[in-house]
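Below you'll find the structure, written out as structure tokens, and then a few comments.
All residue numbers in this chain count up from 1 along the given sequence. Here the structure is a predicted model, which is why all the values come from computation and not from measurement.
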Amino acid sequence: PKLLGSTLGANIKRIRLRCGLTQEETVAIADLRSPLSRSTYSLIESGKGNLLVNNLVGLQIVFAVTYEEFFKDISPLQEDSTMPPLKGKD
């Protein structure tokens with residue numbers, strides 16, 4: 001199964017391309033709302049970077065999409081194998 005970060009990153013990239021924006025353009029527009037470097041943005045799209053909530057809000061405004069678009073094809077029960085198990089979970 002795909003990891004949460006890689007699916008979220010792929011969704012962000014798909015949305016950006018559909019909007020006809022480059023990574024540089026996206027970061028320049030998003031920077032007006034939330035500081036985001038191009039290298040961090042690239043890591044997010046590749047599923048290797050951490051997406052902060054304020055960055056997600058900025059990207060939602062830049063792309064003019066619903067938050068559901070970012071989480072398309074991500075199950076609420078999907079687990080990231082790099083994360084430690086939740087307490088109380090067998």
*Look only at the side chain of Arg16 and the backbone of Leu21, and say whether a donor-acceptor pair between them is shorter than 3.5 Å.*
yes
In terms of heavy-atom contacts, Phe71 and Leu8 come closest through CE2-CD1, 4.1 Å
Margin query: Are the side chains of Leu36 and Ile44 in contact, using a 4.5 Å heavy-atom criterion?
Written below: yes
Residues passing the salt bridge (Lys or Arg N to Asp or Glu O under 4.0 Å) test with Glu25, sequence neighbours excluded, are none
CG (Leu17) and OG1 (Thr26) are apart, to the nearest 0.5 Å, by 8.5 Å
A side-chain contact here means heavy atoms from C-beta on lying under 4.5 Å apart; do Gln23 and Lys13 qualify? no
Are Leu43 and Tyr41 connected into the same hydrophobic cluster when the rule is that any two of I, L, V, M, F, W, Y join if their side-chain heavy atoms are below 4.5 Å apart? no
Q. Are the side chains of Ile74 and Asn11 in touch, meaning some heavy atoms are under 4.5 Å apart?
A. yes
Tightest non-hydrogen contact, residues Ser37 and Thr40, listed as OG-OG1, 2.8 Å
Requested in this report: State whether Glu45 and Arg14 are salt-bridged, where the test is any N-O pair (Lys NZ or Arg NE/NH1/NH2 against Asp/Glu carboxylate O) under 4.0 Å.
Outcome: no
Mind listing the side-chain donor-acceptor pairs of residues 52-66 below 3.5 Å, one per line with the distance, residues two or more places apart or on another chain?
residue : atom : partner : partner atom : Å
Asn54   : ND2  : Ser34   : OG           : 3.4
Asn55   : OD1  : Ser34   : OG           : 2.5
Gln60   : NE2  : Val65   : O            : 2.7
Thr66   : OG1  : Glu68   : OE1          : 3.2

